[in-house]
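Let me begin by handing over the structure; questions about it come next.
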Amino acid sequence: MSGREVQADAPSIEKEEIQEAGGIIRVMPLSLANKIAAGEVVRRPASAVKELVENSLDAGASEIQVILQEAGSSLIQVVDNGCGMREEDAILCFQRHATSKIRSVEDLETIHTLGFRGEALASLASVSQIELKTGLNDSDPAFRVKIDGGELIESGPVAPTRGTSVAVRNLFFNVPARRNFLKRPQTELKHVLDVVQVLALSNPAVSFQLLHAGNELINVRGEGSGQFHTDLSNRVKSLIPVAREDELIPLDESTSYLSVRGVLGPPQGARRTRGNQFLFVNGRYVKHRYVEHAVLSAYEYLLPAGSYPFFALFLDIDPRHVDVNVHPTKAEVKFDDERGVYGMLRAVVGRSLGMSLQTPDMTRASPVKGLSLNLDPLERATPVSRAASERESDDPAPKPRNWVSEASQALYRGTQMATAVPAASTDDAAASKSGGVGEEGLLWQLHDTYILTQILSGLVIIDQQMAHERILYEQAVSCLESGFGLSQQLLFPRTIEFSASDYALLEELMPDLKKLGFDVAAFGRNSVIVRGVPADISTGDERSVLDEIVDQYRLFERVERLSGRENLARSVARRGAVRAGMKLSPGEMRSLIDQLFHCASPYVSPDGRPTIITLSGEELRERFDGK
Ligand code: ADP
Ligand code: MG
């Protein structure tokens with residue numbers, strides 16, 4: 001190996017610190033300053049991976065490989081086929097504030113690269129043992145540099161190659177405090193996976209491979225169809241398991257201030273966790289609660305309370321209107337017109353969702369062709385100003401449940417009957433008090449599947465099964481929270497035998513099943529005895545309802561990755577609800593509607609499908625006028 005050897009002979013930093021002199025203020029030795037600054041840029045293996053991969057992207061690489069050992073604590077290596085560096089730059093790049101990306105303050109205003117501070121390599125080099133190999137092409141010699149805790153150890157030419165490889169070994173080896181703060185390897189690895197996922201998502205044309213201890217954890221090819229939405233959808237589906245089955249909704253709009261494009265997950269694909277929301281501003285992944293809120297608010301009436309849709313949105317905006325400099329790790333940005341961005345995003349997302357919902361869905365029977373959702377009552381809710389005030393509060397988390405109920409009140413007001421109705425049953429007191437549907441004569445059941453009724457402004461069509469699922473779901477959720485499910489005793493208790501794995505699941509669910517009103521107990525090997533079932537469950541054969549719920553639970557677990565109480569509540573609702581094709585008496589219909597309007601989110605079934613469609617008088621008139 002040719003190359004000059006440089007002795008790591010730096011004076012001990014601690015010794016320098018206690019040096020006596022006149023004043024008490026000292027200028028820090030550079031190596032100490034670098035170590036301290038490293039703490040800001042590089043907190044854990046994942047942040048090192050982020051900095052290195054961003055450098056590769058800035059270098060125009062189309063293929064990037066990340067190699068880890070021990071979740072990055074012993075090795076993080078990033079290999080790219082980007083532009084590479086010249087010999088001089090290969091050493092200079094490790095100096096603090098050495099960057100090829102900006103030259104002047106003015107450049108800061110028009111940044112289009114991911115890096116610009118010139119801090120990453122200097123920081124990394126001060127807290128690890130780095131080996132850099134970089135070359136410009138396949139004919140000229142490449143160059144290799146070794147640095148150990150900030151000290152240059154070795155440098156010299158090596159065989160030609162195009163691109164750059166940076167190997168970071170033993171991260172924080174000389175900062176034990178930080179090294180000790182690393183979390184368990186699984187946790188650190190999870191962070192790395194998140195980082196690579198985000199970078200791969202925002203660069204669909206680039207190929208990424210991630211190897212950990214020789215295992216390939218990510219491998220996505222940049223096929224580059226050239227069509228943005230196709231590339232992005234493919235990338236989303238290969239990276240994000242929960243979005244794999246979803247029909248993603250494309251979005252593409254621009255104004256003079258801002259352009260937005262990306263894909264939205266369909267409402268029925270929403271999950272209980274927020275994890276799958278990706279926002280990029282000028283190519284940079286950012287967390288921006290306020291803007292995320294704008295997107296969610298556009299979904300609001302389409303989602304069950306507390307569930308979150310998938311989205312990957314790319315905002316492009318003149319860099320002069322956005323400050324990316326507010327946070328050292330650049331995860332936060334600030335727009336000069338935050339409200340404007342909010343309003344535009346909410347409108348654009350709402351429009352794309354509306355368009356996709358109005359496209360007839362051939363997989364589901366549609367009662368009347370060409371019906372569109374009447375969104376009017378929901379437009380009247382004002383989440384923009386709510387959100388603005390929430391932003392100031394300590395807990396900026398949006399509260400979809402509240403808006404939904406606000407919106408539901410808006411529609412609830414709209415459902416006030418055209419005719420006053422005399423109270424006919426005990427339910428009616430509540431119904432007329434809050435403006436529910438009243439007169440039996442005005443309820444119709446179409447095809448034993450849909451309930452039709454009139455409201456002041458037009459016609460309402462309710463899907464009986466979806467509506468009942470919503471009711472049972474909310475009841476189940478509240479029983480699980482309060483633990484007061486009413487039980488209806490069976491005349492003939494029944495024993496059911498389960499497979500070993502279903503039985504294990506059942507044992508786990510047993511306390512929650514009791515809360516729901518199931519009277520169940522273990523009954524010998526893999527069997528249970530059922531003495532009672534929840535009072536509200538109305539299937540044909542209530543004795544089989546428990547095994548049906550277990551089956552449904554398994555199905556939701558497999559298909560929708562639901563778990564725990566959410567799954568249980570959904571399963572109970574699905575198995576307990578009246579089906580399409582079941583004849584309902586007028587009293588049953590009335591009670592269904594009244595209960596529906598007492599739900600927190602009456603407009604959507606637990607899986608996000610609409611329960612109600614309204615057809616306004618205006619719309620009817622338009623259709624008759626032959627428009
Ligand atoms: P920044 O990215 O903020 O400029 P870094 O410390 O990350 O700062 O990198 C310093 C410089 O090293 C970059 O500006 C770039 O010129 C060069 N560099 C780093 N990584 C690569 C790479 N993978 N390929 C080509 N050049 C690189
Ligand atoms: Mg960088």
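The structure displayed is predicted, hence computed values, not measured ones.
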Should we count NZ of Lys183 as having more than 12 external heavy atoms under 6.0 Å?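 Atom NZ in Lys183 is not crowded, with 12 or fewer foreign heavy atoms closer than 6.0 Å.
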**Ile549 vs Leu568 side-chain heavy atoms within contact, under 4.5 Å** =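 Counting from C-beta outward, Ile549 and Leu568 do come under 4.5 Å.
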Between Tyr308 and Glu292, does the side chain to side chain donor-acceptor pair (under 3.5 Å) criterion hold? Intermediate values first, please. CA-CA 10 Å; Tyr308 302 93; Glu292 286 167 14; over 6 Å; no
* Got a donor-acceptor contact below 3.5 angstrom from the Asp463 side chain to the Gln465 backbone? ->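 Side chain of Asp463 to backbone of Gln465: a pair is present.
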- Are any non-hydrogen side-chain atoms of Phe278 and Val236 less than 4.5 angstrom apart?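 No - every pair of side-chain heavy atoms lies 4.5 Å or more apart.
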Quiz item: Are the side chain of Asn203 and the backbone of Val206 linked by a donor-acceptor contact shorter than 3.5 Å?
Solution: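 No; zero donor-acceptor contacts below 3.5 Å.
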| request: Evaluate the criterion side chain to side chain donor-acceptor pair (under 3.5 Å) for residue pair Glu474 and Ser478; output intermediate values, then yes/no. | output: CA-CA 6 Å; Glu474 292 201 3; Ser478 89; over 6 Å; no
> Can you tell which of Val195, Val196, Asp194 makes a side-chain contact (heavy atoms from CB on, under 4.5 Å) with Val192?
Replying inline: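 Between Val192 and the candidates, side-chain contact (heavy atoms from CB on, under 4.5 Å) is satisfied uniquely by Val196.
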Would you say CZ of Phe498 has more than 12 non-hydrogen atoms from neighbouring residues, nucleotides or ligands within 6.0 angstrom?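 Counting other residues, nucleotides and ligands, CZ of Phe498 exceeds 12 neighbours.
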Exercise. Does a salt bridge link Asp551 with Arg575, judged by any charged N lying under 4.0 Å from a carboxylate O?
Worked result: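 Looking at Asp551 and Arg575, the cut-off is not met.
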- Query: Do the numbers put Arg570 on top of the ring of Phe556, so that NZ or CZ is under 6.0 Å from the six-membered ring centre and no more than 45° off the axis?
  - Reply: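 Yes, Arg570 and Phe556 form such a contact.
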query = What about the rings of Phe311 and Tyr299, do their centers lie closer together than 6.0 Å?
reply =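 Ring centroids of Phe311 and Tyr299 are no less than 6.0 Å from each other.
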- [ ] Taking the side chain as every heavy atom from C-beta outward, state whether Ile496 and Phe523 have any pair of such atoms under 4.5 Å apart.
- [x]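 The answer is no, as the side chains (C-beta and beyond) never meet within the 4.5 Å cut-off.
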Taking the side chain from Arg179 and the backbone from Leu171, do they hold a donor-acceptor pair closer than 3.5 Å?
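Yes, Arg179 side chain to Leu171 backbone: donor-acceptor pair under 3.5 Å.
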Ionic contact status for Arg235 with Asp231, cut-off 4.0 Å: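 A salt bridge is absent here (no side-chain N lies under 4.0 Å from a carboxylate O).
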Using salt bridge (charged side-chain N to carboxylate O under 4.0 Å, His left out), reason through Asp594 and Arg590 one step at a time and then give a plain yes or no. CA-CA 6 Å; Asp594 283 339; Arg590 175 212 295 270; 5.4 Å; no
Check the angle between the aromatic planes of Phe280 and Phe314 and answer parallel, tilted or perpendicular using the 30° and 60° thresholds.
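Because their plane-to-plane angle is under 30°, the rings of Phe280 and Phe314 count as parallel.
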- Task: Measure the acute angle between the ring planes of Tyr290 and His288, then classify it against the limits of 30° and 60° as parallel, tilted or perpendicular.
- Result: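 Tyr290 and His288: tilted rings.
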Margin query: If we ignore hydrogens and angles and just use 3.5 Å, is the side chain of Thr611 paired with the main-chain N or O of Tyr603 as donor and acceptor?
Written below: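 Looks like yes, one N/O pair under 3.5 Å.
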**OP:** Could you pull out all residues at least two apart from Glu588 that satisfy salt bridge (charged side-chain N to carboxylate O under 4.0 Å, His left out)?
**Re:**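 Glu588 satisfies salt bridge (charged side-chain N to carboxylate O under 4.0 Å, His left out) with no other residue.
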query: Can you list the steps and then say if Val291 with Leu345 is a side-chain contact (heavy atoms from CB on, under 4.5 Å)?
result: CA-CA 7 Å; Val291 167; Leu345 223 70; 3.3 Å; yes
- Message: Quick one: does any side-chain atom of Glu70 pair with a main-chain N or O of Ser73 as donor and acceptor, under 3.5 Å?
- Response: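 No, the answer is negative, given that no donor and acceptor are paired below the 3.5 Å cut-off.
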Salt bridge Glu188-Arg184, side-chain N to carboxylate O under 4.0 Å
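Arg184 and Glu188: not salt-bridged.
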Hey, is the main chain of Met582 close enough, under 3.5 Å, to the side chain of Gln464 for a donor-acceptor pair?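 Side chain of Gln464 to backbone of Met582, a donor-acceptor pair under 3.5 Å: yes, one is there.
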Is the backbone of Gln209 close enough, under 3.5 Å, to the side chain of Asn219 for a donor and an acceptor to pair up by distance?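 Side chain of Asn219 to backbone of Gln209: no pair is present.
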Using the side chain to side chain donor-acceptor pair (under 3.5 Å) rule, take Arg346 and Ser297 through it: C-alpha gap first, then chi angles, then the decisive distance, then the call. CA-CA 7 Å; Arg346 181 170 189 272; Ser297 79; 2.8 Å; yes
For Ser527 and Thr495, indicate whether the former's side chain and the latter's backbone hold a donor-acceptor pair under 3.5 Å.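 Not at all, since once roles are kept as given, no pair shorter than 3.5 Å links the two residues.
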- Message: Main chain of Gly587, side chain of Ser591: is a donor-acceptor contact present, judged purely on distance under 3.5 Å?
- Response: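 Flag not set: sc Ser591 to bb Gly587 has no pair under 3.5 Å.
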Could you note down all residue pairs passing salt bridge (charged side-chain N to carboxylate O under 4.0 Å, His left out) where residues 510-530 supplies at least one of them, sequence neighbours left out?
->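 Of all non-adjacent pairs touching residues 510-530, those that pass salt bridge (charged side-chain N to carboxylate O under 4.0 Å, His left out) are Asp512-Arg565.
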| said: Which heavy atom of Cys479 sits nearest to which heavy atom of Leu516, and what is that distance? | reply: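 Nearest heavy atoms, Cys479 then Leu516: CB-CD2, 4.0 Å.
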Atom pair CZ (Arg574) and CG (Asp607), whose distance is rounded to the nearest 0.5 Å =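 If we round to the nearest 0.5 Å, Arg574:CZ and Asp607:CG are 5.0 Å apart.
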May I ask you to decide if His229's main-chain N or O and Ser233's side chain share a donor-acceptor pair within less than 3.5 Å?
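Flag set: sc Ser233 to bb His229 pair under 3.5 Å.
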Between Ala270 and Ser307, what is the shortest heavy-atom contact and its length?
->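 Closest heavy-atom pair between Ala270 and Ser307: CB-OG, 3.9 Å.
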Less than 4.5 Å apart, any side-chain heavy atom of Val49 and any of His191?
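A side-chain contact is absent here, since even the closest heavy-atom pair is not under 4.5 Å.
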